[in-house]
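First comes the structure, then the notes that go with it.
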Amino acid sequence: MASAKTQPARGMRDFLPADVRKREYVIGVIKSVYERYGFEPLETPAVENIETLMGKYGEEGNQLIFKILKRGEHEKTGEADLALRYDLTVPLARVVAQYQNELPKFFKRYQIQPVWRADRPARGRFREFYQCDVDVLGSKSMVVEAELIAAASDALVALGFNDFTIRVNHRQVLTGMLDQAGVPRDKHNDAVIALDKMDKAGPEGVAKELSERGIVDESAVKLMRFFEGLAGVQKALDLVDLKEASDGRLAYNADVLGRLVEFIGAHEIGASGVDDLRQILQFAKASGADQRIKLDPTLARGLAYYTGAIIEINVKDLAGSLGGGGRYDNLVGMFLGRDVPACGFSLGLERIIVVMSEREMFPAALVSSPADVMVTIWNEDSIGESIVLASELRSRGFRVDVYPEADKMGKQFKYASSRDIPFVAIIGDDERARGEVAIKNMRSGEQRSVSRNNVSELIDGVDLRARVADMRQVGEADDSIKPGA
RNA sequence: GCGGCUAUAGCUCAGUUGGUUAGAGCGCCUGACUGUGGAUCAGGAGGUCGUGGGUUCGAGCCCCACUAGCCGCCCCA
């Protein structure tokens with residue numbers, strides 16, 4: 001037999017049962033939090049017309065779109081007319097433009113589906129991956145930003161995260177800062193890319209890159225002085241012994257806001273951006289999410305469609321982000337010809353899973369066995385009886401596996417053991433003669449016989465509803481499992 | 001797209017300056033155990049050393065290309 005390549009395509013993955021359980025658990029938690037915020041579900045096709053996607057993500061984004069060649073007689077032209085969706089935001093904008101009359105004035109939707117990018121795979125980065133998006137369309141109010149931040153924050157907390165940072169910036173603030181520093185508009189992109197590397201490359205690295213990207217020294221010095229000022233604030237706060245770490249965060253944000261006002265001054269666009277940030281902090285305070293927020297004037301984000309606030313969530317042990325989003329007030333306009341204000345946020349499922357696995361944050365119940373009870377088969381003649389017993393147990397709510405062959409008892413027990421099934425039911429000749437069934441508790445090793453009607457008495461400690469409820473709870477340290485188990 | 005590292009049994013890895021028949025642990029299968037898993041013991045299966053070329057009397061080892069994976073850059077969820 002010829003052995004073919006069995007790996008999935010590059011950057012794509014198969015999900016075995018344990019993987020799927022983890023994924024469904026995370027999706028379930030996120031979904032329930034999103035619904036608690038009044039978001040409604042939406043699904044869109046994997047494939048979009050290529051014009052729908054092209055030009056929405058910037059130059060780099062265009063290259064990373066998975067394109068689908070024309071089919072049939074046009075295939076040989078090598079042209080593409082369809083493409084796999086690159087994110088969930090642009091399809092949403094299309095949907096809103098298409099169904100504007102059927103959707104509510106303020107459309108709050110969540111969408112958890114895969115997207116595809118022809119990117120190079122890396123840790124936490126795949127070519128097919130799930131995004132968990134929430135977006136609000138129809139309002140320019142910063143209440144939207146604050147609520148999205150609170151929802152994403154709640155979702156992460158519900159999954160057991162407590163150390164994430166929600167970085168917030170604003171496209172208009174970036175514009176204001178760069179204008180005030182005297183950076184010409186056509187160099188804004190270059191400057192932003194350089195500034196974005198502040199946390200990795202440090203001030204020296206950024207200064208060097210600014211100069212390499214053709215930002216004149218005078219502008220660069222103004223910018224660097226500002227950011228060194230911010231770093232100084234952070235350093236000073238680190239030295240103070242605060243009661244709560246979040247107090248430092250709040251003090252820092254207040255200070256940054258003040259410095260931005262000062263730096264941007266009367267610059268109209270910039271000042272309105274700073275005002276947005278002020279409001280976001282104010283509204284986020286009401287939900288308590290402000291303690292997670294860190295204003296970060298170096299945050300850039302690559303997607304071309306953002307117009308206002310930009311948001312990104314980070315944890316220390318992951319180079320990339322756990323999620324990101326922002327305001328995109330004129331993306332819908334590209335489809336509709338009339339702007340609809342919008343803002344959204346996306347959590348990256350794969351990255352959340354990478355970090356949760358490494359930190360062993362998944363609840364133990366997740367890796368539990370595929371069944372509560374396995375019914376053995378005594379011999380060929382008793383197969384029917386085993387199936388009847390399985391049906392009885394299933395009707396009582398147990399998850400029941402029937403060993404499919406009349407194998408040696410040892411084999412059957414070994415199989416149940418290897419699958420971590422907690423109870424094994426046996427109806428052998430003796431049991432049958434007495435109208436009983438033997439139940440062995442595989443954890444304790446104890447085995448007892450009871451009449452068929454009382455079987456469930458011996459299968460204790462198993463309650464599907466309790467298990468599901470347990471899974472939904474925030475994972476505690478001693479409630480966790482080994483990754484990859 | 002760029003730079004570095006890696007690829008040997010199902011898994012984790014040894015493998016000497018290039019030299020007969022490539023090893024270990026774990027796992028798997030069989031038996032000790034005619035109605036019972038985990039522990040122990042005995043035995044067994046499983047590798048064209050990622051793929052393709054090259055150097056050499058001889059390559060798991062050296063060289064080249066390709067593929068896949070990891071780390072960094074770029075970008076991103």
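Naming convention: chains lettered A, B, ... in sequence-line order (proteins, then strands); numbering from 1 in each chain.
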In whole Å, I'd like the distance from the [atom1] atom of [X] to the [atom2] atom of [N].
{"X": "A:Asp196", "N": "B:C74", "atom1": "CG", "atom2": "P", "value": "9 Å"}
{"X": "A:Gln63", "N": "B:C74", "atom1": "CD", "atom2": "C1'", "value": "12 Å"}
{"X": "A:Asn62", "N": "B:C75", "atom1": "CG", "atom2": "P", "value": "16 Å"}
{"X": "A:Ile439", "N": "B:U36", "atom1": "CD1", "atom2": "P", "value": "17 Å"}
{"X": "A:Ile112", "N": "B:A77", "atom1": "CD1", "atom2": "P", "value": "17 Å"}
{"X": "A:Asn441", "N": "B:U36", "atom1": "CG", "atom2": "P", "value": "18 Å"}
{"X": "A:Arg419", "N": "B:G37", "atom1": "CZ", "atom2": "P", "value": "19 Å"}
{"X": "A:Ile377", "N": "B:G35", "atom1": "CD1", "atom2": "C1'", "value": "15 Å"}

Using the [atom1] atom as the point on both nucleotides, what is the distance between [M] and [N], in whole Å?
{"N": "B:A65", "M": "B:G72", "atom1": "P", "answer": "25 Å"}
{"N": "B:U55", "M": "B:G44", "atom1": "P", "answer": "41 Å"}
{"N": "B:A32", "M": "B:C70", "atom1": "P", "answer": "46 Å"}
{"N": "B:A45", "M": "B:G1", "atom1": "C1'", "answer": "47 Å"}
{"N": "B:C28", "M": "B:A9", "atom1": "C1'", "answer": "11 Å"}
{"N": "B:G47", "M": "B:U21", "atom1": "C1'", "answer": "13 Å"}
{"N": "B:C11", "M": "B:U51", "atom1": "C1'", "answer": "22 Å"}
{"N": "B:C62", "M": "B:G25", "atom1": "P", "answer": "27 Å"}

- Message: I'd like to know whether the aromatic ring centres of A:Tyr328 and A:Tyr305 sit less than 6.0 Å apart in this structure.
- Response: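 Yes; A:Tyr305 has its ring centre under 6.0 Å from that of A:Tyr328.
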
Does any donor atom in the side chain of [X] or [Y] lie under 3.5 Å from an acceptor atom in the other side chain?
{"X": "A:Tyr110", "Y": "A:Asp135", "result": "no"}
{"X": "A:Thr298", "Y": "A:Asp196", "result": "no"}
{"X": "A:Glu48", "Y": "A:Tyr86", "result": "no"}

Which part of the nucleic acid does [X] contact within heavy-atom distance under 4.0 Å: base, sugar-phosphate only, or nothing?
{"X": "A:Tyr130", "result": "nothing"}
{"X": "A:Glu446", "result": "nothing"}
{"X": "A:Asp87", "result": "nothing"}
{"X": "A:Arg127", "result": "nothing"}
{"X": "A:Gly61", "result": "nothing"}
{"X": "A:Ile193", "result": "sugar-phosphate"}
{"X": "A:Leu349", "result": "nothing"}

Watson-Crick or G-U wobble mate for [N], both contacts under 3.5 Å:
{"N": "B:C61", "value": "none"}
{"N": "B:A7", "value": "B:U67"}
{"N": "B:G44", "value": "B:C28"}
{"N": "B:C73", "value": "B:G1"}

- Query: Think A:Arg327 forms a cation-pi with A:Tyr306, using NZ or CZ under 6.0 Å from the six-ring centre and within 45 degrees of its axis?
  - Reply: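 No, A:Arg327 does not lie over the aromatic ring of A:Tyr306.
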
- Item | Closest to side chain of A:Gln447, choosing from B:A77, B:U36, B:G35 |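 Side chain of A:Gln447 sits closest to B:U36.
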
Does [N] have OP1 or OP2 under 4.0 Å away from a side-chain N or O of [X]?
{"X": "A:Lys414", "N": "B:C28", "value": "no"}
{"X": "A:Lys408", "N": "B:G31", "value": "yes"}
{"X": "A:Lys440", "N": "B:G35", "value": "no"}

- Task: Over all heavy atoms of both residues, which pair between A:Val340 and A:Gly138 is shortest? Give the atoms and the distance, please.
- Result: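 Of all heavy-atom pairs spanning A:Val340 and A:Gly138, the closest is CG1-N, 3.9 Å.
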
- Specify the residue among A:Glu431 and A:Gly11 whose closest nucleotide of RNA chain B lies further upstream toward the 5′ end. A:Glu431

- Does A:Gln131 or A:Arg120 map to a spot on RNA chain B nearer the 5' end, using the closest nucleotide for each? A:Arg120

- Would you please classify the geometry between the A:Phe161 ring and the A:Phe164 ring as parallel, tilted or perpendicular, with 30° and 60° separating the classes?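 It falls in the perpendicular class, over 60°.
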
- Message: Centroid distance below 5.5 Å plus an interplanar angle below 30 degrees: do A:Phe129 and B:A77 meet both conditions?
- Response: yes

- Query: Is it true that A:Glu40 and A:Arg109 make a salt bridge, defined as a side-chain N closer than 4.0 Å to a carboxylate O?
  - Reply: no

- Test for a donor-acceptor pair under 3.5 Å between the base of B:C75 and the side chain of A:Arg125, counting only N and O atoms. yes

- Message: Would the base of B:G35 count as contacting A:Gln412 through its side chain, where contact means a donor and an acceptor less than 3.5 Å apart?
- Response: no

